[in-house]
Number of protein chains: 4
Amino acid sequence: MSISLQSAEAVVAGARATGRTRGFQPLTVVVLDSGGNVVAAQREDGASNKRFEIAFGKAFGAVSLGSDSRALMVRAEEQPYFIAAATSAIGGSLIPVPGGVLIRDAQGTVVGAVGISGDSSDNDETAAFAGIEAAGLHTTR
Amino acid sequence: MSISLQSAEAVVAGARATGRTRGFQPLTVVVLDSGGNVVAAQREDGASNKRFEIAFGKAFGAVSLGSDSRALMVRAEEQPYFIAAATSAIGGSLIPVPGGVLIRDAQGTVVGAVGISGDSSDNDETAAFAGIEAAGLHTTR
Amino acid sequence: MSISLQSAEAVVAGARATGRTRGFQPLTVVVLDSGGNVVAAQREDGASNKRFEIAFGKAFGAVSLGSDSRALMVRAEEQPYFIAAATSAIGGSLIPVPGGVLIRDAQGTVVGAVGISGDSSDNDETAAFAGIEAAGLHTTR
Amino acid sequence: MSISLQSAEAVVAGARATGRTRGFQPLTVVVLDSGGNVVAAQREDGASNKRFEIAFGKAFGAVSLGSDSRALMVRAEEQPYFIAAATSAIGGSLIPVPGGVLIRDAQGTVVGAVGISGDSSDNDETAAFAGIEAAGLHTTR
């Protein structure tokens with residue numbers, strides 16, 4: 001099963017609520033289905049122009065390669081040429097910093113991914129985990 | 001001024017409500033700001049994979065060239081080479097069929113655009129006009 | 001649910017068996033999952049170099065826009081500028097001639113798509129339908 | 001001579017059998033002919049979406065530049081700008097980590113290449129060598 005629009009909107013709402021509670025900079029939140037296709041997106045007022053593309057790239061890298069974008073950052077530190085090559089091979093959208101998180105169902109199956117951009121990468125990721133939890137869905141942790 | 005996220009979400013909600021009332025196929029709705037950047041998007045369950053890209057292309061063509069995508073279709077009928085060339089020149093996303101509509105404020109200034117894909121192009125456009133009206137915003141008409 | 005590798009291989013085998021029985025030219029068969037990602041592919045000896053790309057484009061167009069590639073050909077005849085624009089918008093792979101067929105489960109849900117290239121488009125499509133049937137899966141018909 | 005589909009399928013089967021025996025993560029295996037064109041591919045259930053593209057890039061880099069992708073990794077470590085430039089120059093698909101292996105006949109002539117992705121790069125390469133050997137073909141070693 002892939003994530004429904006209703007669940008995707010719940011992830012977005014949960015992530016944004018966390019951003020507001022924690023005083024984060026304006027966030028952009030993108031949710032993809034298990035095939036890597038856009039389901040929902042919101043860019044908060046004041047976020048810069050291309051935040052959708054950055055958030056998309058975090059989520060798309062995660063669901064394309066099957067790991068949270070934080071793990072892709074580790075790989076980028078170790079083998080920058082691999083991440084550069086993979087980015088090109090998968091079509092150009094892969095942002096290897098925290099904030100892209102796989103969304104799983106109760107059985108652990110990947111049903112999609114969320115990508116967030118706007119504050120520090122660590123805070124973006126915090127909002128992503130919070131959004132998934134608020135929607136009653138699960139992460140790899 | 002560019003469209004706020006709150007207004008963009010109202011356009012999406014209004015368009016989707018019209019789709020449901022009218023019995024349209026599952027719709028994908030994308031709202032761009034006056035700079036052509038994504039503000040909000042929702043893809044209804046059952047819509048095919050790349051509906052975001054099609055809806056985006058309708059809205060992006062509209063706000064890039066300053067006219068609803070229906071007018072771009074007329075141009076495509078008359079001068080297909082112009083639309084083909086413009087599509088390439090602006091980066092690949094310009095879908096010249098109805099369903100992409102400029103969003104204006106009360107003074108007539110363009111504040112963004114909405115693109116919709118999923119049913120016939122005419123119905124997509126009907127939902128777009130309805131969404132803008134539901135949000136208290138204005139069109140070129 | 002998306003198509004399994006075992007089912008995808010059954011589609012490929014069924015399509016190729018039909019090609020051999022019917023005396024078709026060497027076929028290339030590509031099966032994508034519901035998200036548009038490659039699951040299985042085989043290019044028969046004697047098929048020309050880029051048959052994978054053609055077969056992929058038939059299947060990718062189908063699963064991206066939610067209709068068999070024959071319907072996309074009808075659209076291309078009516079509105080060539082739409083198909084040209086959609087091809088660009090979805091990333092370059094959309095071959096609007098018969099031979100790309102949606103694969104559905106018993107409930108009618110799209111679980112993937114098969115694309116075939118090598119003989120006439122009509123024969124390619126015949127092999128596609130036969131492959132899906134041989135695998136115990138369903139089409140839109 | 002270029003690799004036949006029958007031999008390519010034997011490489012895929014041999015590589016997958018090794019993966020299952022050794023307990024590797026789900027593998028994606030792509031076999032290219034001597035011209036760098038796809039002959040066969042299989043993505044095992046549970047492999048992430050873009051594994052075809054990664055496996056293809058390992059094999060394509062190998063057959064494009066005439067050396068196993070492990071050697072391209074050495075080059076990437078020494079001269080990352082060369083690999084980045086070559087990747088762009090050949091069209092975007094060159095993954096310079098182990099798992100892409102040239103396939104040779106008994107006389108040492110290159111007849112194709114196999115690329116594998118899914119487990120560690122070292123394990124991917126182990127499966128590649130095993131697949132080639134299982135098919136009665138040869139490597140550069």
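Every chain is numbered from 1, with letters handed out A, B, ... down the list of sequences.
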Checklist outcome for this item: Residues D:Leu27 and D:Ala127: closest non-hydrogen pair is CD1-CB, 3.9 Å
Item to check | Minimum-distance pair of heavy atoms, taken over all atoms of A:Phe52 and A:Val30 | outcome: CD1-CG2, 3.6 Å
Checklist entry - Roughly how far, to the nearest 0.5 Å, is CD1 of D:Ile132 from CD1 of D:Ile103? => result 4.5 Å
Please tabulate, one pair per line, the N or O donor-acceptor pairs under 3.5 Å between chain A and chain D.
unit_1	atom_1	unit_2	atom_2	d
A:Ser34	O	D:Asn49	ND2	2.8
A:Val63	O	D:Asn49	ND2	3.4
A:Ser64	O	D:Ser48	OG	3.0
A:Ser64	O	D:Asn49	N	3.4
A:Ser64	O	D:Lys50	N	3.0
A:Leu65	O	D:Ser48	OG	3.3
A:Leu65	O	D:Arg51	NH2	2.8
A:Tyr81	OH	D:Glu77	OE2	2.5
A:Ser88	OG	D:Gly92	O	2.8

Next on the checklist: Can you list everything that forms a side-chain contact (heavy atoms from CB on, under 4.5 Å) with A:Ala8? Sequence neighbours excluded, please.
Outcome noted: A:Ile3, A:Val31, A:Val39, A:Ala40
Checklist entry - Side chain, backbone, both or neither: which part of D:Ala84 has a heavy atom under 4.5 Å from chain A? => result neither
Checklist outcome for this item: Interatomic distance, CD1@D:Ile54 vs CD1@D:Ile95, rounded to 0.5 Å, equals 4.0 Å
Checklist entry - Any side-chain heavy atom of A:Val63 within less than 4.5 Å of one from A:Val110? => result yes
Item to check | Toward chain A, the part of D:Pro80 with a non-hydrogen atom under 4.5 Å | outcome: neither
Item to check | Minimum-distance pair of heavy atoms, taken over all atoms of D:Ala59 and D:Gly115 | outcome: CB-N, 3.4 Å
Next on the checklist: Can you tell me which of A:Gly35, A:Gly91, A:Gly36 forms the most heavy-atom pairs within a distance under 4.5 Å of chain D?
Outcome noted: A:Gly35
